[in-house]
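Take a look at this one; I'll ask things after.
In this text, all values refer to a predicted model and were calculated from it rather than measured experimentally. Both ligands and their constituent atoms are indexed starting at 1 by order of listing.
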Amino acid sequence: MSQVQRMSRLMVKTLRDDPADAETLSHKLLVRAGYVRRTSAGIWSWLPLGKKVLDNISRVVREEMDAIGAQEVLLPALLPREPYEASGRWEEYGDLLFRLKDRKGADYLLGPTHEEIFTQVVKDQCTSYKDLPVMLYQIQTKYRDEARPRSGVLRGREFQMKDSYSFDTTDEGLVESYALHRAAYQKIFARLGLDFRIVSAVSGAMGGSASEEFLAPAAAGEDTFVDCPACDYAANTEAVTFAATVPAAVEPGPVEELDTPDTPTIETLAAHLGVPASATLKNLLVKIDGEITAVGVPGDREVDLGKLGEHLAPAVVELVTAEDFEDRPELVRGYVGPQGLKIRYIADPRIALGTAWITGANKPGTHARNVVCGRDFEVDDYLDVVVVEEGDPCPACGTGLKLDRAIEIGHIFQLGRKYADTFQLDVLGQQGKPVRVTMGSYGIGVSRAVAALAEQSADEQGLCWPREIAPADVHVVAAGKALQTELALDVSEQLSAAGLRVLVDERPGVSPGVKFTDAELIGVPKILVAGRRSAEGVVELKDRRTGEREELTVAEAISRLTA
Ligand code: ATP
Ligand code: MG
């Protein structure tokens with residue numbers, strides 16, 4: 001079968017202008033180059049070129065999953081409520097879940113991820129330790145009613161995910177299945193030509209390396225991560241734990257009250273007193289499982305609620321409300337200090353024993369100076385809870401960290417026995433007793449990877465795919481009339497016969513300029529032009545990425561491309 005795709009037959013309508021609602025480069029280019037079209041908010045139709053790229057990514061993912069011994073299955077996207085009710089996620093997902101009813105009024109959902117259903121399948125299929133370990137995967141459509149489905153296919157409400165799940169009888173087995181996935185993901189993203197980092201997704205609080213994210217640095221990314229310019233350290237901002245530089249202890253005088261009217265914020269206070277914000281102690285009030293708690297950090301730092309939540313999980317952390325203040329007159333909004341307060345006090349390690357601070361005096365319009373940790377107040381728990389900032393020291397090498405944007409393209413997770421407990425997933429062990437199974441879950445955003453690749457590889461002219469992922473290996477352009485068209489088609493057939501996937505632009509009545517512009521926009525990595533010197537059998541071979549061009553005979557061009 002011929003692999004030559006004629007542009008005149010291809011359903012593609014390129015656009016010169018960016019779609020009005022597009023904010024990210026990948027969104028603009030994938031629409032302009034005719035890869036995808038928006039059907040509704042966060043819901044995309046994949047047109048022929050886009051489908052090819054999507055399939056190429058799926059193929060790479062499939063090959064590497066098969067290579068680690070994972071077995072492909074296909075589970076439904078339309079799911080009954082009960083298993084998700086059992087795991088608690090019918091509620092937990094909140095507005096993110098698409099819920100629907102059948103004609104009898106029974107509740108269903110469109111699967112956002114499939115831990116529950118895979119657990120049930122394995123419970124049904126595997127009964128003995130001899131049936132394990134097993135790793136299953138699918139490449140399937142997922143549904144999440146995302147709050148802001150912007151950025152094109154980067155964040156869809158319907159999207160393609162490869163999700164896999166591992167089932168082991170021992171903790172060591174889970175660690176091994178996790179390691180296999182981690183290595184497979186490294187291969188997959190390398191083959192896709194993505195620049196990526198692996199970061200720990202959570203801080204130590206929930207079990208260290210039990211969850212890692214694969215991030216593709218890109219300006220359009222919605223995740224912020226820290227990247228060390230000097231060593232290979234990279235981390236999710238919420239997972240950075242750095243050794244705080246503790247201010248030197250001083251020998252201060254007694255606590256002194258200061259009249260500081262209208263200074264409820266650190267900025268107003270620091271300006272009023274003419275001191276740096278770092279000399280002040282900021283106390284954020286939160287509720288931990290309903291119990292009001294103060295969190296102290298130096299005035300120039302912010303509290304990272306995500307980090308705090310992770311340290312304290314499974315306790316629920318919320319901000320206090322106006323009503324909470326009404327019930328507690330001793331808590332003076334804007335003027336809270338830890339001295340004399342009878343609530344739990346969590347602090348950043350910088351609030352070390354012996355350090356002295358300017359902080360609230362627990363009276364309206366009043367602050368206190370020389371408030372000394374250990375003398376005037378006690379810290380109940382020291383936790384690393386500040387928002388990491390550009391320039392903070394790298395925990396590995398001490399160099400100032402950079403903050404960068406990235407796209408989460410994959411996530412691997414040691415789940416443990418959570419779902420196995422819910423569904424009583426046991427197998428008969430070697431000793432004849434039931435053994436509870438331990439699980440891992442692993443995701444790759446297949447449709448998101450299309451956008452991530454576009455973000456990382458595109459330039460002003462358009463898309464620019466790595467060869468393995470591109471919709472064709474070579475884009476042949478007939479830049480002229482009958483002679484050029486004849487040569488273009490002839491070269492195309494020869495390339496195809498040599499096993500290459502060829503896209504040939506032989507559209508009659510379309511100017512060479514338009515054809516060149518479209519070729520750059522579509523982003524096939526090699527462009528072969530039959531132009532001025534067609535009569536001599538000389539063509540031009542252009543590299544889409546570098547822009548390098550060479551005049552070659554047809555034979556030379558073919559051997560260059562098939563090398
Ligand atoms: P995000 O934080 O970006 O919302 P997530 O952490 O909720 O993602 P996971 O549940 O870990 O996502 O899903 C596995 C993978 O699926 C993600 O790493 C990402 O690549 C992809 N993914 C998640 N949500 C979407 C979406 N709305 N559109 C496209 N891909 C998505
Ligand atoms: Mg994730």
Could you walk me through whether Tyr143 and Asp145 satisfy the side chain to side chain donor-acceptor pair (under 3.5 Å) test, starting with their C-alpha distance in whole Å, then the side-chain angles of each, then the deciding distance to 0.1 Å, before giving a yes or no?
CA-CA 7 Å; Tyr143 296 87; Asp145 195 357; over 6 Å; no

What I want to know is whether Gly156 and ligand 1 share at least one N or O pair that is separated by under 3.5 angstrom.
yes

Do any nitrogen or oxygen atoms of Gly445 come within less than 3.5 Å of a nitrogen or oxygen of ligand 1?
yes

May I ask you to check whether Asp223 has an N/O atom sitting below 3.5 Å from an N/O atom of ligand 1?
no

Among protein heavy atoms, which lies nearest atom 31 (C) of ligand 1, and at what distance?
Phe159 CE1, 3.3 Å

Which protein heavy atom lies closest to atom 1 (P) of ligand 1, and at what distance to 0.1 Å?
Arg155 NH2, 3.6 Å

closest protein heavy atom to atom 10 (O) of ligand 1 is Arg144 NH2, 2.9 Å

What atom name does the N, O or S atom of Glu408 nearest to the Mg ion (ligand 2) carry?
OE2

His411: which N/O/S atom is nearest the Mg ion (ligand 2)?
ND1

Between Glu146 and ligand 1, is there a nitrogen or oxygen pair with a distance under 3.5 Å?
yes

Considering heavy atoms of the protein only, find what lies nearest to atom 16 (O) of ligand 1 and give residue, atom and distance to 0.1 Å.
Met161 CE, 3.6 Å

Which ligand 1 atoms does Ile409 reach within 4.0 Å, using its non-hydrogen atoms?
18 (O), 20 (O)

Only one of Phe413, Tyr442, Phe225, Phe189 clears ring pair (Phe, Tyr, Trp, His ring centres under 6.0 Å) with Phe214; which?
Phe189

Starting from atom 11 (O) of ligand 1, locate the nearest protein heavy atom and write down its residue, its atom name and how far away it is, to 0.1 Å.
His411 ND1, 3.1 Å

Contact partition for Glu408 relative to ligand 1, non-hydrogen atoms under 4.0 Å:
both

Out of Arg59, His181, Arg191, which residue meets the side-chain hydrogen bond (donor to acceptor under 3.5 Å, both in side chains) rule with Glu64?
Arg191

Pick one: which of Val450, Leu30, Leu47 meets side chain to side chain contact (heavy atoms under 4.5 Å, CB included) with Tyr35?
Leu30

